[in-house]
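Worksheet for the structure shown next.
Start at 1 and go down the list; that is how both ligands and their atoms are numbered. The figures here come from the full heavy-atom set of this structure, side chains too, leaving out hydrogens, waters and symmetry mates.
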Amino acid sequence: MKFLGLNDFQFKDQRVLLRLDLNAPIEDGEVSNDERLIRSLPTIKHILNNEGRLVVVSHLGRPEENGKHQPEFSLYPVVKRLEQLLGRSIDLILDLDDLPSVNQGDMIVLENIRFLRGEKSNERNLSKKLANIADIFVMDAFATSHRAHSSTTGVIEYSNKACAGFLLEEEIKALSRIINNKGNSLAVLGGAKISTKLDLINSLSKKMGNVILGGGIANTCLLAQGFSVGNSLVEESMLKEALELAERENVIVPKIVVAAKNVEQEGSIKPIEDIEEEDSIFDVAPQSFKEHQYLFDAASTILWNGPMGLFEKNSFAEGTNAVAKMIVSSNGFSVAGGGDTISAASKAGVLDELDYVSTAGGAFLEFIEGRKLPSLEALQLKLKN
Ligand code: 3PG
């Protein structure tokens, strides 16, 4: 996948519209996890250091698209955190029709683009308006590149010059290394619902060497295979699909689990055959992964998405912690991403030891599944034109 990059353009005195994904969690009016902001800094700094006139655009959350300012979805806390990270003051601009001119080497941030009608429907007039703000459009919001919105996709079509930022390039390089590996590869996939990950598991089990399942996904597979899983979290409506997956030769469903009558009890390690009617499976037992140590040893790439159990509770975090440690102890190139995976990796103390941690959730899963992401398609077309 090839795009124009930041190094293909001169930014001096150019008006630059930069799409970032600054969709960070906000708690008590403050950014509670600034990872997406920190990972956006290299692109921001490159444009400022090269004397561009920078306008940043992002969404935050899912506000109503009604043209009205909704304080609970304001980018204000994000701008405050960016000011700290960059050591400069930054104006947050409410009105797209009343943009101030930006000095060379300076920046402003536009208020949440999802307040504007037309953003999510990729409406032509909004896309054109955005494109007209700038001489160069830079797309660095990989985490929103699966959305065909005005600020991620339409704007590219109407911009004279458009390129990818450093984070987007880095994400694609790391994730491509996983999906293009023709050697020994391993995917470790957990999470609550098989329905949300069915396409991913399907696609990975065809593309990758081996796939190890955990979490509610594994419970549903176990039930589909005819084991009793008591009161465990399962999706009854997915049994046919789960059985089809679980029967594939390269898909591993762990059979030693941690079960308890409820989440407040200590769990006991049990082989799946010993699960009683009142039991719920809350975790995979570490030894169930250890049996497959050879797969971790042989893998040249490892993809990790989703916790293996109820990792938020210490008594049911051992399976997730064990698999996390096995992943980072392998010599294979390890990539983690999507939803709860980062919190799980952080809790297991391995976040800094993974080779690559994606900033994306939905976009990460769609890219790995091999789907075409609209914003990336638009950027690629720009290269051809
Ligand atoms: C994300 O957090 O996955 C991205 O910011 C995209 O957000 P969305 O799912 O609301 O489009």
Side-chain angles (χ1 to χ4, degrees), residues 18-27 31-41 43-44 56-66 70 72-79 81-82 109-123 126-127 130 138-156 164-165 167-168 170-172 174-175 189 191-193 195-197 199-200 303-307 335-346 356-369 371-379:
L18 169 62
R19 177 54 157 106
L20 297 175
D21 189 324
L22 303 177
N23 184 24
I26 311 287
E27 279 167 34
V31 171
S32 57
N33 180 331
D34 60 6
E35 183 66 13
R36 282 183 172 170
L37 279 62
I38 289 173
R39 301 278 292 277
S40 301
L41 294 179
T43 296
I44 297 177
V56 169
V57 57
S58 174
H59 72 286
L60 187 122
R62 295 176 176 174
E64 263 186 64
E65 197 180 274
N66 59 10
Q70 297 150 64
E72 66 276 30
F73 292 105
S74 171
L75 279 169
Y76 182 77
V78 169
V79 168
R81 183 72 193 115
L82 271 182
V109 176
L110 281 178
E111 185 50 290
N112 193 340
I113 190 70
R114 288 191 180 168
F115 290 161
L116 299 189
R117 287 201 180 91
E119 162 65 359
K120 286 193 279 181
S121 52
N122 197 16
E123 204 250 318
L126 180 59
S127 303
L130 289 169
V138 180
M139 174 62 187
D140 210 19
F142 175 72
T144 328
S145 62
H146 59 320
R147 304 290 184 215
H149 292 177
S150 275
S151 70
T152 58
T153 306
V155 60
I156 297 176
L167 176 59
L168 189 137
E170 183 185 289
E171 293 268 9
I172 289 177
L175 306 194
L189 303 176
K193 288 186 168 179
S195 54
T196 57
K197 304 245 174 111
D199 291 344
L200 178 75
L303 172 77
W304 177 24
N305 171 257
V335 172
D340 285 343
T341 319
I342 312 306
S343 319
S346 173
Y356 191 76
V357 177
S358 176
T359 58
F364 169 87
L365 298 179
E366 289 196 20
F367 188 87
I368 297 281
E369 271 168 48
R371 292 209 215 167
K372 292 193 186 320
L373 308 193
S375 181
L376 307 185
E377 295 283 296
L379 270 183

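Close approach to A143 involves these atoms of ligand 1, each under 4.0 Å from a residue heavy atom: 4 (C), 6 (C). Close approach of ligand 1 to H59 (heavy-atom distance below 4.0 Å) involves ligand atoms 4 (C), 5 (O), 6 (C), 7 (O). Atoms of ligand 1 found under 4.0 Å from any heavy atom of R62, numbered from 1 in the order shown, are 8 (P), 9 (O), 10 (O). For ligand 1, the atoms sitting less than 4.0 Å from at least one non-hydrogen atom of N23 are 1 (C), 2 (O), 4 (C), 5 (O), 7 (O), numbered in the order shown with element in parentheses. Remark: ligand 1 atoms within the under-4.0 Å shell around heavy atoms of D21 are 4 (C), 5 (O). The R147 neighbourhood of ligand 1 comprises atoms 8 (P), 9 (O), 11 (O), with distances under 4.0 Å to a heavy atom of that residue.
Across every non-hydrogen atom of G118 and S150, the tightest pair is O-OG, 3.4 Å. Among all heavy-atom pairs drawn from S358 and G337, the shortest one is CB-CA, 4.1 Å. Closest heavy-atom contact between N112 and L60: ND2-O, 2.7 Å.
By the 4.5 Å heavy-atom criterion applied to side chains, T359 and D21 are not counted as neighbours. Taking 4.5 Å as the limit, some side-chain heavy atom of I113 sits within range of a side-chain heavy atom of L130. I26 places a side-chain heavy atom less than 4.5 Å from the side chain of V31.
For ligand 1, the polar-atom distance check finds an N/O of R36 within less than 3.5 Å of one of the ligand's N/O atoms. For H149, no nitrogen or oxygen atom sits less than 3.5 Å from a nitrogen or oxygen atom of ligand 1, counting backbone and side chain alike.
Side chain to side chain, T43 and D140 meet the donor-acceptor criterion of an N or O pair below 3.5 Å.
R114 counts as a contact of ligand 1, since one of its heavy atoms falls under 4.0 Å from the ligand.
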